Amino acid sequence: MINGTDIFYGSIPVFRGFASLMDPALYSPLPDDWMIGVADIVESTKAIANQRYKAVNMAGAAVIASVTNALEGREFPFVFGGDGASFAVAPDDLERAREALAATAAWVKEDLDLAMRVALVPVSAVRARGLDVRVARFGPSPNLSYAMFSGGGLGWAEAAMKRGEFVVPAASPGTQPDLSGLSCRFEEIPSTRGIILSVLVVPTRGADQTAFRKVIEDIINLVERSPDAGRPVPPDGPPLKWPPAGVEYEVRAARGGTLLKRRTVILAITLWAYVVMRFGIKVGNFVPKTYVQQVVENSDFRKYDDGLRMILDCTPELETALTQRLVAAAAGGIVRYGLYRQDAAMMTCFTPSVMRSDHVHFIDGARGGYASAATALKAMVA
């Protein structure tokens with residue numbers, strides 16, 4: 001089935017070089033009758049202080065999984081933010097997205113014991129404030145693409161949600177979203193260069209756009225040209241153990257039967273998967289080595305959604321160089337930024353089918369990640 005979401009988003013060319021992400025020509029304005037979905041965890045800082053990083057990430061990824069499944073796997077623009085997610089849909093998909101958001105908020109409360117606020121904001125409301133929502137498609141590998149957003153509208157929509165505007169009420173208790181494909185079977189990924197660095201850089205209000213673009217390009221070039229930083233997922237994939245540390249979250253995301261029954265089924269499935277992956281056993285057309293290569297290539301460790309987000313495995317020396325550039329840009333009134341150091345990264349996976357190559361793997365820091373970087377950013381203006 002083809003509708004407005006497919007027609008618009010599918011028509012945007014995919015760009016491959018991340019260094020070119022600030023090129024305005026890559027971004028297309030969303031149609032005026034579209035809606036922006038936003039979601040975040042209330043008091044995520046408190047949850048992280050209680051070492052509930054994985055639960056927070058699972059909640060954010062659940063938004064993307066539930067909406068994808070509600071849209072029957074059709075492509076739409078979305079971005080994972082660590083403690084939340086944002087996306088955009090055409091009018092034809094609005095009610096499905098609304099139901100998925102409401103169900104996810106209910107599930108997050110009941111099964112993860114976290115409070116999630118969700119909202120649907122008209123693109124027209126954003127433009128009425130003199131802002132915009134433009135979207136590009138970045139291809140980290142030949143297997144898939146994911147969205148980048150610019151224009152300031154996404155940030156405004158999130159702030160409006162936090163003010164209590166455009167809110168979507170949670171569904172009634174017991175409502176279960178379709179979270180098929182959502183899992184977290186890989187273990188934490190320790191740093192190999194010394195630091196897993198969460199990076200968040202946004203423009204100041206009224207910042208010169210040319211100057212801001214130059215700062216972002218400098219940061220990306222520092223990272224891409226240096227042997228001291230890179231993707232936090234190693235070439236041979238993340239560590240895998242059984243039972244997986246995140247198995248209980250997958251149990252709670254599953255549908256059907258009692259919690260005990262679901263736990264038994266998921267433990268059996270993950271044991272089978274572990275044996276297949278651990279020993280490289282080809283099963284039909286599934287080749288573990290190929291799948292792991294795709295996991296590495298499809299890891300979502302850098303993105304742009306009205307600001308630059310990156311999870312880097314880097315040396316202390318590169319962290320110092322990045323900090324110096326950001327301090328200078330902040331002193332010039334161009335950016336606000338947050339950096340957060342930790343010793344490991346973690347991955348939350350959305351794999352609708354292991355037989356397809358477009359599975360996506362969301363990366364965050366394992367000790368606070370994007371949410372802690374955001375707290376550091378907010379402290380700059382406190």
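Please read all numbers here as calculations on a predicted model, not as lab measurements. Hydrogens, waters and symmetry mates are skipped; everything else that's a heavy atom, side chains included, is used.
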Looking at W156, does the NZ or CZ of R163 lie under 6.0 angstrom from its six-membered ring centre and within 45 degrees of the ring axis?
-> yes

Test side chain to side chain donor-acceptor pair (under 3.5 Å) applied to S198 and Q342, step by step = CA-CA 8 Å; S198 302; Q342 53 240 287; 2.9 Å; yes

Please work out whether the ring planes of Y291 and F286 are parallel, tilted or perpendicular, with thresholds of 30° and 60°.
-> tilted

Among T315, D343, D313, L312, find the residue that satisfies the side chain to side chain contact (heavy atoms under 4.5 Å, CB included) test when tested with S191.
-> D313

Show the numbers, then the answer: is there a side chain to side chain contact (heavy atoms under 4.5 Å, CB included) between E250 and L182?
-> CA-CA 7 Å; E250 191 170 346; L182 182 64; over 6 Å; no

Would you kindly confirm whether V292 and V275 end up in one hydrophobic cluster when ILVMFWY residues are joined by side chain heavy atoms under 4.5 Å apart?
-> yes

Following the transitive rule for hydrophobic clusters with a side-chain heavy-atom cut-off under 4.5 Å over Ile, Leu, Val, Met, Phe, Trp and Tyr, establish whether V42 and M161 coincide in one cluster.
-> no

Any side-chain heavy-atom pair from D364 and Y53 closer than 4.5 angstrom?
-> no

Heavy-atom check, side chain of P24 versus side chain of R213, under 4.5 Å | yes

Evaluate the side-chain proximity of L240 to R278: yes if any heavy-atom separation is below 4.5 Å, no if none is.
-> no

Going hydrophobic residue to hydrophobic residue with side-chain gaps under 4.5 angstrom, can you get from V276 over to L271?
-> yes

How about F138 and F18: are their ring centres within less than 6.0 Å of each other?
-> yes

Going through the checks in order, is the salt bridge (charged side-chain N to carboxylate O under 4.0 Å, His left out) test met by R367 and E188?
-> CA-CA 10 Å; R367 307 284 179 260; E188 289 183 358; 2.8 Å; yes

Residues E248 and K54 bridged, charged N to O under 4.0 Å | no

Should V233 and I311 be counted in the same cluster of Ile, Leu, Val, Met, Phe, Trp and Tyr side chains packed under 4.5 Å apart?
-> yes

Could you give me the CA-CA distance, side-chain angles and deciding distance for T175 and W107, then say whether side chain to side chain contact (heavy atoms under 4.5 Å, CB included) is met?
-> CA-CA 7 Å; T175 305; W107 176 80; over 6 Å; no

What about I269 and L260, same hydrophobic cluster or not, with Ile/Leu/Val/Met/Phe/Trp/Tyr joined at side-chain heavy-atom distances under 4.5 Å?
-> no

Taking the side chain as every heavy atom from C-beta outward, state whether R302 and V223 have any pair of such atoms under 4.5 Å apart.
-> no

Relative to each other, are the rings of F76 and F78 parallel, tilted or perpendicular (30° and 60° limits)?
-> tilted

Would you kindly say whether Q294 and S141 are connected by a side-chain donor-acceptor distance under 3.5 Å?
-> no

Step by step, would you call F15 with L21 a side chain to side chain contact (heavy atoms under 4.5 Å, CB included)?
-> CA-CA 8 Å; F15 75 95; L21 75 88; 3.9 Å; yes

Under-4.0 Å salt bridge between R98 and E95 | yes

